[in-house]
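The structure presented is a predicted model; accordingly, all values stated were derived computationally and were not measured.
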Amino acid sequence: MRRRPRHRIRAILLSALLLAGCETDPAGTSAPGTPGGPTPSAASTGAAPASVPAPSGTPSPAATGFTSSISPVSAADLGASWHPGCPVGPDQLRLVRVGYRGFDGRPYLGAVVVDRSVAADVVSVFAALYRARFPIRRMTPIAAYGGSDDDSMAADNTSGFNCRDAVSAGPAKWSAHAYGKAIDVNPVENPYLVDGRVLPPAGASYADRDRYRDRPGLAVRGGTLVEAFASVGWQWGGGWRSPDYQHFTATGG
């Protein structure tokens with residue numbers, strides 16, 4: 001289920017800092033530092049609507065295969081996505097850098113923050129997605145969006161840790177994202193449907209899963225994305241009463 005921020009904190013965007021270690025391509029050579037890359041049209045590829053920003057990351061045209069790394073993070077790295085009182089501290093989290101395929105088919109380097117106990121599983125999932133050429137729009141820690149889930153979703157950003165409450169009818173409780181044990185993938189292609197709303201709004205054209213199940217980047221039952229996470233025991237939110245198609249979790253919440 002969707003998480004709302006416990007605190008709205010104005011923060012300096014930290015994407016350059018968090019992705020500073022991603023300036024090397026999987027072949028071990030310097031990759032161009034220019035963000036983004038050619039983005040196919042939605043009409044020709046089924047990519048997200050034109051209002052969604054072009055992919056962000058380090059293009060790696062000379063890449064020869066999947067690459068990954070796992071490294072510690074600090075409170076400064078986490079920015080507004082973490083604050084004292086969160087259920088996990090920075091020392092329990094890791095920055096996982098992985099290669100991924102963009103909607104243009106090119107290899108990119110991205111990063112996601114998760115709990116250290118699931119970091120290896122996350123590498124395994126994205127290695128499988130890379131081999132299957134499953135497209136991802138962008139992959140940047142949510143600190144780059146000031147901890148705003150709405151802004152991250154609107155950018156079609158794949159993200160992990162964010163210290164948020166879960167939305168529920170009962171007492172407030174932490175979401176799986178607050179523990180670093182959930183990842184949202186391609187939010188525009190895989191929107192959250194709740195109370196007659198589509199989140200993010202740009203995902204409205206993807207709400208009909210039967211009609212669009214063959215479009216690139218979608219999470220569908222039995223599909224590449226869902227099966228990759230299932231292979232490490234993670235659950236998918238697409239079967240919930242209020243489907244959260246982008247949401248994958250190691251805890252079930």
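Looking at Trp82, its side chain does come within 3.5 Å of a backbone N or O of Val88 through a donor-acceptor pair. Checked by atom type and distance alone, the side chain of Arg133 never pairs as donor or acceptor with a backbone atom of Tyr130 at under 3.5 Å. Checking side-chain atoms of Arg213 against main-chain N and O of Val220 turns up no donor-acceptor pair under 3.5 Å. Judged by distance alone, the side chain of Asp156 and the main-chain N or O of Val188 form a donor-acceptor pair under 3.5 Å.
To the nearest 0.5 Å, atom OH of residue Tyr179 and atom CZ of residue Arg164 are 15.5 Å apart. Atoms NE2 and CD1, on His177 and Ile142 in that order, are 8.0 Å from each other to the nearest 0.5 Å. Asp115 CG to Gln92 CD: the interatomic distance, rounded to the nearest 0.5 Å, is 6.5 Å. Distance check: Asp151 CG to Ser159 OG gives 11.5 Å after rounding to the nearest 0.5 Å. In this structure, the separation between CG on Asn157 and OG1 on Thr140 is 5.0 Å, given to the nearest 0.5 Å. Atom CG of Leu93 is separated from atom OG of Ser117 by 9.5 Å, given to the nearest 0.5 angstrom.
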Q) Should Leu129 and Arg101 be marked as a side-chain contact (heavy atoms from CB on, under 4.5 Å) after you check the CA-CA gap, both sets of side-chain angles, and the distance that decides it? A) CA-CA 8 Å; Leu129 296 177; Arg101 297 284 181 178; over 6 Å; no
Q: Applying side-chain contact (heavy atoms from CB on, under 4.5 Å), run through Arg97 and Leu95 and close with a yes or a no.
A: CA-CA 6 Å; Arg97 297 184 177 96; Leu95 180 68; 3.2 Å; yes
Q: Show your working on side-chain contact (heavy atoms from CB on, under 4.5 Å) between Phe229 and Asp121 and close with a plain yes or no.
A: CA-CA 9 Å; Phe229 276 98; Asp121 285 346; over 6 Å; no
Q | Evaluation steps, side-chain contact (heavy atoms from CB on, under 4.5 Å), between Val112 and Met139 | A | CA-CA 7 Å; Val112 63; Met139 192 174 179; 3.6 Å; yes
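Applying side chain to side chain contact (heavy atoms under 4.5 Å, CB included) to Glu189 and the options Tyr212, Phe103, Tyr245 leaves one that passes, Phe103.
Closest approach of Ala128 to Ala228, counting heavy atoms only: CB-CB, 4.4 Å. For Ser68 against Val98, the heavy-atom pair with the smallest separation is CB-CG1, 4.1 Å. Nearest heavy-atom pair, Lys181 versus Val118, reported as atom, atom and distance to 0.1 Å: CG-CG1, 4.4 Å. Listed here is the closest heavy atom pair of Arg137 and Asn186: N-OD1, 3.1 Å. Scanning all heavy atoms of the two residues, the minimum distance from Asn162 to Ser175 falls at O-OG, 4.4 Å. The two residues Leu218 and Phe134 make their nearest non-hydrogen contact at O-CE1, 3.6 Å.
Donor-acceptor pairing under 3.5 Å is lacking for the side chains of His247 and Asn190. Under the 3.5 Å distance criterion, with hydrogens and angles disregarded, no donor-acceptor pair is assigned to the side chains of Asp149 and Ser152. Counted by atom type alone, Asp150 and Ser148 present zero donor-acceptor pairs between their side chains at under 3.5 Å.
Looking only at side-chain heavy atoms (C-beta outward), Ile183 and Trp234 come within less than 4.5 Å of each other. Side-chain contact between Pro90 and Ser74 is absent, with no heavy atoms from C-beta onward closer than 4.5 Å. For the pair Thr67 and Leu109, the minimum side-chain heavy-atom distance is below 4.5 Å. Between Arg221 and Arg209 the shortest side-chain heavy-atom distance does not fall below 4.5 Å. Taking 4.5 Å as the limit, every side-chain heavy atom of Pro243 sits out of range of all side-chain heavy atoms of Tyr192. Annotation: side chain of Arg94 is not in contact with side chain of Ser71 (no heavy-atom distance under 4.5 Å).
Classification of the Phe248-Trp236 ring pair by plane angle, with boundaries at 30° and 60°, yields parallel. Ring orientation note: the planes of Tyr100 and Tyr108 are close to parallel, at an angle under 30° on the 30°/60° scale.
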